[in-house]
Peer 1: 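Below are the structure tokens for one structure; questions will follow.
Keep in mind the model is a prediction, meaning the values are calculated, not measured. Whatever order the structure lists ligands and atoms in, that order sets their numbers, starting from 1.
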Amino acid sequence: MIPKNHPRYESLILREKIKIAYKEGYLADSGMIAHGRGETFDYLIGEKTIESAYKAIEISIATLILAKNPVISVNGNAVAIAIDEIIELSKVLNCKIELNLFYRTKKRVEIIEKIFKSKGINILGANDNDLLFINGINSPRATADKNGIYDADVVLVSLEDGDRAEILVNSGKKVIAIDLNPLSRTAKMANITIVDNIIRAIPTMKEIAIDLKNKDKNYLKKIINDFSNEENLKKSLKAIKSNMNQ
Ligand code: ATP
Ligand code: MG
């Protein structure tokens, strides 16, 4: 038991969830390492949602509202620490949820599919027969469900690998990445990068989605046009620098 008054309580609870997911057999060992990398960057941004992340969230939600076929991509880490928040967001935005595992095994897919089913959700990406190769690229990083990401115009990814992000962007999809590391290839590759922890970003996305859903479409288009991901990523790096100077 982690005492509630422990100064690193929330962080330790997340580690616990990651450990449980590993023990349950649906999170790969490298998923634990990826989580550790995330923790480092979360320290550097001050474990809070920085201003540039709020901005990226707003632009992401505008993009998801205007999308024809938006899909939220999930992996073992996302399921381990933010499954309920992801389901809530998908309902507000009318998004499908698709599973994409870097280290895909039948067992991991089955466990995750079952967890979603127990919450009333049928996820895409679980059935091998429904998977196609994006742009015909014969790589496990390029598979997508023909009813989901394969045909999606906007894809929300988190803890994504740079190679896959590149494939998605090159296929003409708009990629929104939640990635605590503003220097990762995924962060640089994505059309919109939210430098924040998924456990904070996703609930905030839901709140903003409820708000922006009633806004005029032209307003949403305008804020998207005025946004530069490169500039916004620079602001994220500045936030880290100023945090370190304090
Ligand atoms: P790339 O291939 O894009 O350069 P990478 O190989 O560094 O990235 P991975 O280790 O495959 O990336 O994926 C982990 C990424 O996800 C890291 O950038 C890490 O900072 C980020 N990350 C880890 N945990 C979280 C979290 N809870 N919320 C948001 N991002 C996270
Ligand atoms: Mg990588």
Peer 1: Step by step, would you call Asp42 with Asn197 a side-chain hydrogen bond (donor to acceptor under 3.5 Å, both in side chains)?
Peer 2: CA-CA 7 Å; Asp42 211 3; Asn197 197 318; 2.9 Å; yes
Peer 1: Does the distance from a Lys or Arg side-chain N to an Asp or Glu carboxylate O, for Lys55 and Glu58, drop under 4.0 Å?
Peer 2: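 Salt bridge between Lys55 and Glu58, a charged N being under 4.0 Å from a carboxylate O: yes.
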Peer 1: Which of these, Asp179, Asn197, Ile18, Ile199, has its nearest heavy atom closest to atom 18 (O) of ligand 1?
Peer 2: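 Looking at heavy atoms only, the winner is Asp179.
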Peer 1: More than 12 non-hydrogen atoms from neighbouring residues, nucleotides or ligands closer than 6.0 Å to CZ on Arg141, yes or no?
Peer 2: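 More than 12 within 6.0 Å, yes.
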Peer 1: Short list, please: which atoms of ligand 1 are under 4.0 Å from a heavy atom of Leu159?
Peer 2: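 Going through ligand 1 atom by atom, the ones under 4.0 Å from Leu159 are 16 (O), 22 (N), 23 (C), 24 (N), 25 (C), 31 (C).
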Peer 1: Nearest to atom 4 (O) of ligand 1 by heavy atom, Met189, Arg164, Arg185: which?
Peer 2: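 The nearest heavy atom belongs to Arg185.
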Peer 1: Counting N and O atoms only, with roles assigned by atom type, does the side chain of Asn127 sit under 3.5 Å from a partner on the main chain of Asn129, one being a donor and the other an acceptor?
Peer 2: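 Looks like yes, one N/O pair under 3.5 Å.
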Peer 1: Step by step, would you call Arg185 with Asp161 a side-chain contact (heavy atoms from CB on, under 4.5 Å)?
Peer 2: CA-CA 8 Å; Arg185 285 182 307 143; Asp161 171 59; 3.7 Å; yes
Peer 1: Ignoring hydrogens and angles, tell me if any N or O in the side chain of Asp130 forms a donor-acceptor pair with the backbone of Asp145 under 3.5 Å.
Peer 2: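 Not at all, since once roles are kept as given, no pair shorter than 3.5 Å links the two residues.
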Peer 1: Among Arg37, Arg200, Glu160, which one has a heavy atom closest to atom 10 (O) of ligand 1?
Peer 2: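 Looking at heavy atoms only, the winner is Arg37.
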Peer 1: Which atoms of ligand 1 sit under 4.0 Å from any heavy atom of Asp196?
Peer 2: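 Contacts of ligand 1 toward Asp196, numbered from 1: 28 (N), 29 (C).
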Peer 1: Regarding ligand 1, does His35 bring an N or O atom to under 3.5 Å of one of the ligand's N or O atoms?
Peer 2: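 No - when backbone and side-chain N and O of His35 are compared with those of ligand 1, no distance drops under 3.5 Å.
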Peer 1: If only side-chain N and O atoms count, and only distance matters, is there a donor-acceptor pair under 3.5 Å linking Asn135 with Ser171?
Peer 2: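 Looking only at side-chain atoms, Asn135 and Ser171 do not form any donor-acceptor pair under 3.5 Å.
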Peer 1: Between Gly162 and ligand 1, does any nitrogen or oxygen pair lie at a separation below 3.5 Å?
Peer 2: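 Between Gly162 and ligand 1 (N or O atoms, distance only) the closest approach is under 3.5 Å.
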Peer 1: Can you find an N/O atom of Asp161 closer than 3.5 Å to an N/O atom of ligand 1?
Peer 2: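 Yes; at least one N/O pair falls below 3.5 Å.
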Peer 1: Compute the minimum heavy-atom distance from Thr40 to ligand 1 and say whether it is under 4.0 Å.
Peer 2: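 Contact absent.
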Peer 1: Looking at Ala165, is its backbone amide N or carbonyl O close enough to the side chain of Thr186 to form a donor-acceptor pair, meaning the two atoms are under 3.5 Å apart?
Peer 2: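 Here the side-chain-to-backbone pair does not exist.
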Peer 1: With the threshold set at under 4.0 angstrom, would you say Ile81 reaches ligand 1 through any of its heavy atoms?
Peer 2: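 Contact present.
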Peer 1: Just distances here: any N/O of Ile198 and N/O of ligand 1 closer than 3.5 Å?
Peer 2: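 N/O-N/O distance below 3.5 Å exists for this pair.
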